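Because the structure is predicted, anything quoted here is derived from the model rather than measured.
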Amino acid sequence: MLTGNEIRQKFIEFFESKAHKHFESASLIPDDPTLLLTVAGMVPFKPYFLGQKEAPCPRVTTYQKCIRTNDLENVGRTARHHTFFEMLGNFSFGDYFKREAIVWSWEFVTEVLGLPKDKLWVTVFTTDDEAEKIWIEDCHFPKERIVRMGESENWWAAGPTGSCGPCSEIHVDLGPEYGGDENSKIGDEGTDNRYIEIWNLVFTEWNRMEDGHLEPLPKKNIDTGAGLERIAAMVQGKSNNFETDLLFPLVEEAGRLTNSKYHESPEKDFSLKVITDHSRAVTFLIHDGVIPSNEGRGYVLRRILRRAVRHGRLLGQKELFLYKMVKKVVDQFAIAYPDLTANLENIQKIVKIEEEKFSNTLDQGIQLVNEQIEMALQAGKSSLDGEITFKMYDTYGFPYELTEEICNERGIAVSQEEFLAKMEEQKEKARSARAVIMEKGQDSFIEEFYDKHGVTEFTGYHSTEEKAKLLNIRQKEDGTLLLIFDKTPFYGESGGQVGDHGSISSEAFQGKVLDVKKQKEIFTHIVEVVSGEAEEGKEYTLTVDSKYRAAVSKNHTATHLLHKALREVLGTHVQQAGSLVDSEKLRFDFSHYEAMTEEQIQEVEERVNEKISEAIAVEVSHKTMEEAKACGAMMLFGDKYGDVVRVVHVPGFSTELCGGIHVENIGHIGLFKIVSEGGIAAGVRRIEAKTGYEAYRFVEENIGMLKKTAKLLKTEDSLLLEKVEKVLQEEKEKAREITSLKDKIAKQEAEALYTHALEIADVKVFMAKYEDKSMDDLRKMIDFVKDKEENAIVVLTSTFEKLSFAVGVSKALTGKYKAGNLVKIAAEITGGKGGGKPDFAQAGGKDKSKIEEAMEAIKKAIKENK
């Protein structure tokens, strides 16, 4: 019986024997702004399917990490739902098509995996006679076990328009005990758990036009996917994915950490499976650079992690446990993903921090639920609204099951139907907003140009001037030209580096290059006409602005040094999350879960400058991916896959895959200065820095400001810090004196209130209006009165800066009068809002002319005991 690891390895070896190139799994963070996460095995190859990039080789095979959360609530309840899963795939980019894809899938399933042929079924698209014929004639598959299915099951499309095509799927029949009878087939009612899909072959061969009709694609592609977890279950004779050797060790570890046993009860099994699945997803998401947050990928991670912690609590585990699951996940999957091991400590740290936060949330949630129950009982209700239970879950992350449990103990009903209705409403909104995996396609001009001329030859690594033939001219609405040449020394914007500037000239034409864009290795020069007219077919001199390029190159090489220094100072979890390199600065975004300290920023800056001072020559080479990995190359932006990759190496320090322009020696960078460090999103930090002359200017400007500051404070430059500390100390002393005076004034003002105190309904009521009191002043006056009086209500208002009200109620009276209720009366009358605790509340208002009316309304409320 094959293990999960053996199945994964044999799949790759099988397709390598069919001339496929093995590409390692891409990150769960896709290089695609339309997708939140890598949701399918084909996502890393999307640019090749769309024609945005030329595929590095025509045949590819992978095992790809994937995350899907659209069926999150089913995870743990069913045998085959997962958040994280691995997709085995083989792909053809305009090479082989249906026959090879079908025959090879059949060969692997029956001969390598050894699944019994008589237990296999196949589906094909309703009109796909070709696929059915291949199954019957080339695979000798019985026609009676081939089922034709419609578009909802066996048709794949990028969207309403664009590339699309039929599918063919392989299913395993688990037998009548899982649904149906001897005469049942795929698609029959009640057989969903019987016929298990293990392989999907997508034949992308059509282009759906705007009017709905189909046109053949010039290049037909193959996109296949086989879920490793499902295949392992079928090969190992398990009806449940969680009982395979891929996942069951995690189930056992979850049981050990929560003092639970698998198969003890359905409820416990459900929770153990959730913990198993989610711990794997959490580990891989954090490993790939996702940090818990309240939006985007971080929210997906946070939701999965908290769901796992919740199920630990349902199993009775109140101590932190999930971070301990990480080690078991790493041990289990390090064979296929060896880089997990080096990141173990960091993953555990992030999980533990988030787990601690949520444990506090659980405790807070219990308090909030009890408060909601009290409010419901006071209002004479016998049940808790579904709106409340859903808000507790969605806003506070508090599990419905715990809300229900607390309500049962307090004898108040809670409607699961209302809660589920709200959940479905949220899911529907999410479904409506969900982006399709692929958009409709690429600009037809680029495709046509590529088919006619091929790619632009880039000579800019070794040259800043080139004679080139103009192949195409287009004009933009603003009058600038879009020029494409047969070759160019101009770098096209990519990998965070901006495009080169420069000039294009001939005897009849002069143009200024404003920018250069690159698409499918075709370089488009954006040119402002200086004089003359450009003409296709003519030869031109293309000259790069060397000074501009040199400044950009310094910043680009500095990002490599910065990345390495950050990983040394902060940890190997640091990964690039974006960059911008131009002539004035560099901007570097990276994954990290907390703000850098001043000491860490200084240490990073010192390491980079120390390295620059060594004046090490930069080495650029071309290696196979295996050779690049062997020398420890970091994979950043640009083409991650390819037979040959470009490696930028600073001996003894940094090695990265990069297609950008760099300095020949890091000593040319001159000076590196960090300008700022801050957060741009949860778990993502940004450093901005300058190099060379721009760094010198920045330092000089700051020195100039220090000199001016010293002059203003009438001290020497060397004594500036001492002088500032002295001034700050004097300011603190003055502030203390002012506070003391204010307290005395507040006491005097509070004592003055006694001269016109009221007696309403046996309560001492103190009311006053001011024009110069802050809210803090009003609070101090109220506290003074409350400290002296056990039976008092204080109502104060001030128009200082804005209209404000403050109400205080002695503790002994809060059973009858609530400060929050009283202050709301004033707020409503004057057009404002406010609230607070029973003994103190505050509010703002808008209409100052209604202050008297508000005060009278409060008097009336006190009198009537409202």
Side-chain angles (χ1 to χ4, degrees), residues 69 72-78 81-84 240-243 246-286 292 300-333 344-370 389 392-394 396-410 414 416:
T69 58
L72 184 65
E73 298 304 318
N74 288 325
V75 175
R77 297 189 185 277
T78 70
H81 274 97
H82 301 288
T83 51
F84 176 93
N240 190 312
N241 291 1
F242 290 91
E243 295 176 5
L246 285 170
L247 291 175
F248 195 64
L250 300 182
V251 174
E252 292 181 310
E253 181 70 358
R256 186 183 72 80
L257 293 173
T258 60
N259 297 311
S260 307
K261 288 185 178 180
Y262 189 62
H263 279 339
E264 199 168 50
S265 72
E267 292 77 17
K268 286 188 176 182
D269 288 355
F270 171 42
S271 292
L272 289 173
K273 287 184 212 174
V274 169
I275 294 168
T276 293
D277 174 272
H278 291 10
S279 63
R280 188 169 64 148
V282 164
T283 298
F284 277 95
L285 281 167
I286 295 174
V300 172
L301 169 59
R302 172 164 283 169
R303 189 178 176 200
I304 293 171
L305 190 152
R306 289 185 168 190
R307 190 167 187 258
V309 174
R310 168 185 103 181
H311 279 274
R313 185 65 65 96
L314 292 175
L315 290 171
Q317 178 55 274
K318 294 185 178 181
E319 302 299 322
L320 303 182
F321 74 95
L322 190 63
Y323 79 97
K324 297 176 183 177
M325 283 289 297
V326 173
K327 183 164 191 318
K328 192 65 178 179
V329 174
V330 171
D331 291 344
Q332 188 71 2
F333 290 92
L344 170 61
E345 185 177 342
N346 172 65
I347 299 170
Q348 285 185 315
K349 182 177 181 179
I350 294 174
V351 173
K352 189 174 184 181
I353 290 171
E354 184 67 14
E355 193 174 2
E356 285 174 336
K357 285 182 183 177
F358 185 53
S359 293
N360 295 333
T361 298
L362 282 177
D363 296 334
Q364 179 192 17
I366 291 170
Q367 180 182 342
L368 288 169
V369 171
N370 280 317
T389 57
M392 290 297 301
Y393 174 82
D394 193 53
Y396 300 102
F398 195 73
Y400 170 80
E401 290 85 351
L402 288 181
T403 301
E404 184 179 45
E405 183 180 326
I406 295 169
C407 287
N408 289 339
E409 291 173 356
R410 298 288 301 275
V414 59
Q416 188 175 26

Among residues at least two apart in sequence or on other chains, which ones pass side-chain contact (heavy atoms from CB on, under 4.5 Å) with E264?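 Testing E264 for side-chain contact (heavy atoms from CB on, under 4.5 Å), a comparison that skips the adjacent residues, returns K261, K268.
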Under the salt bridge (charged side-chain N to carboxylate O under 4.0 Å, His left out) test, which residues partner E356, sequence neighbours left out?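 In terms of salt bridge (charged side-chain N to carboxylate O under 4.0 Å, His left out), with neighbours along the sequence ignored, E356 is linked to no residue.
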Taking salt bridge (charged side-chain N to carboxylate O under 4.0 Å, His left out) as the definition, give me every residue that meets it alongside E253, ordered by chain and number, with sequence neighbours left out.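 If we apply the salt bridge (charged side-chain N to carboxylate O under 4.0 Å, His left out) test to E253, skipping adjacent residues, the hits are R256.
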Distance (rounded to the nearest 0.5 Å) between M325 CE and L257 CG: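 These two atoms lie 6.5 Å from each other.
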Could you list the residues that satisfy side-chain hydrogen bond (donor to acceptor under 3.5 Å, both in side chains) with T283, not counting sequence neighbours?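 side-chain hydrogen bond (donor to acceptor under 3.5 Å, both in side chains) list for T283, sorted by chain: empty.
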Sequence neighbours excluded, which residues qualify as side-chain contact (heavy atoms from CB on, under 4.5 Å) partners of A308?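 Applying side-chain contact (heavy atoms from CB on, under 4.5 Å) to A308 gives H278, L322.
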What residues form a ring pair (Phe, Tyr, Trp, His ring centres under 6.0 Å) with Y323, not counting sequence neighbours?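 Result, ring pair (Phe, Tyr, Trp, His ring centres under 6.0 Å) vs Y323: none returned.
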Would you mind listing every salt bridge (charged side-chain N to carboxylate O under 4.0 Å, His left out) that reaches into residues 321-332, with sequence neighbours excluded?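 The answer is K327-D331.
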To the nearest 0.5 Å, what is the distance between CZ on F284 and CG on L301?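 Result: 14.0 Å between the selected atoms.
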Can you see which heavy atom on V326 is nearest to which on L344, and at what distance?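 Heavy atoms of V326 and L344 come nearest at CG1-CD1, 3.7 Å.
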Under the side-chain hydrogen bond (donor to acceptor under 3.5 Å, both in side chains) test, which residues partner K349, sequence neighbours left out?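 Listed in chain order: Y593.
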What distance do K318 atom NZ and T258 atom OG1 have between them, rounded to the nearest 0.5 Å?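 If we round to the nearest 0.5 Å, K318:NZ and T258:OG1 are 14.5 Å apart.
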Which atom of E354 lies closest to which atom of P292, heavy atoms considered: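 In terms of heavy atoms, the two residues are closest at OE1-CB, 3.4 Å.
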So, for R280 and F84, which heavy atoms are closest and what is the spacing to 0.1 Å?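 Heavy atoms of R280 and F84 come nearest at NH2-O, 2.8 Å.
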Looking at side-chain heavy atoms only, is the closest gap between K352 and Q348 below 4.5 Å?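 SC-SC contact between K352 and Q348 ruled out.
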Say you draw a straight line from CZ of R307 to CD1 of I275; how long is it, rounded to the nearest 0.5 Å?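 The distance works out to 10.5 Å.
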Of all the heavy-atom pairs spanning G76 and V274, show the shortest one and how long it is.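 Minimum heavy-atom contact is CA-CG2, 4.1 Å.
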Give a yes or no answer on whether the side chain of E355 reaches the backbone of F321 with a donor-acceptor pair at less than 3.5 Å.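 Yes.
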Those residues that, when tested against T78, pass side-chain hydrogen bond (donor to acceptor under 3.5 Å, both in side chains) (two or more places apart):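 T78: side-chain hydrogen bond (donor to acceptor under 3.5 Å, both in side chains) contacts with H81.
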What's the separation between atom CG in L72 and atom CD1 in I304, rounded to the nearest 0.5 Å?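 CD1 of I304 is found 6.5 Å from CG of L72.
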Side chains of F242 and T276, heavy atoms from C-beta outward: is any pair under 4.5 Å?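 They are in contact (side-chain heavy atoms under 4.5 Å apart), so the answer is yes.
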Would you please name every residue forming a side-chain contact (heavy atoms from CB on, under 4.5 Å) with S271, sequence neighbours left out?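 For S271, the residues satisfying side-chain contact (heavy atoms from CB on, under 4.5 Å) (neighbours in sequence not counted) are H311, L314, L315.
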Could you list the residues that satisfy side-chain contact (heavy atoms from CB on, under 4.5 Å) with Y262, not counting sequence neighbours?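 Per chain and number, Y262 pairs via side-chain contact (heavy atoms from CB on, under 4.5 Å) with N240, E243, F248, V251, D269, L272, K273.
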N241: side-chain hydrogen bond (donor to acceptor under 3.5 Å, both in side chains) partners, not counting sequence neighbours: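 For N241 the side-chain hydrogen bond (donor to acceptor under 3.5 Å, both in side chains) partners, ignoring immediate neighbours, are H82.
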Distance from R303 atom CZ to T83 atom OG1, nearest 0.5 Å?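 These two atoms lie 11.0 Å from each other.
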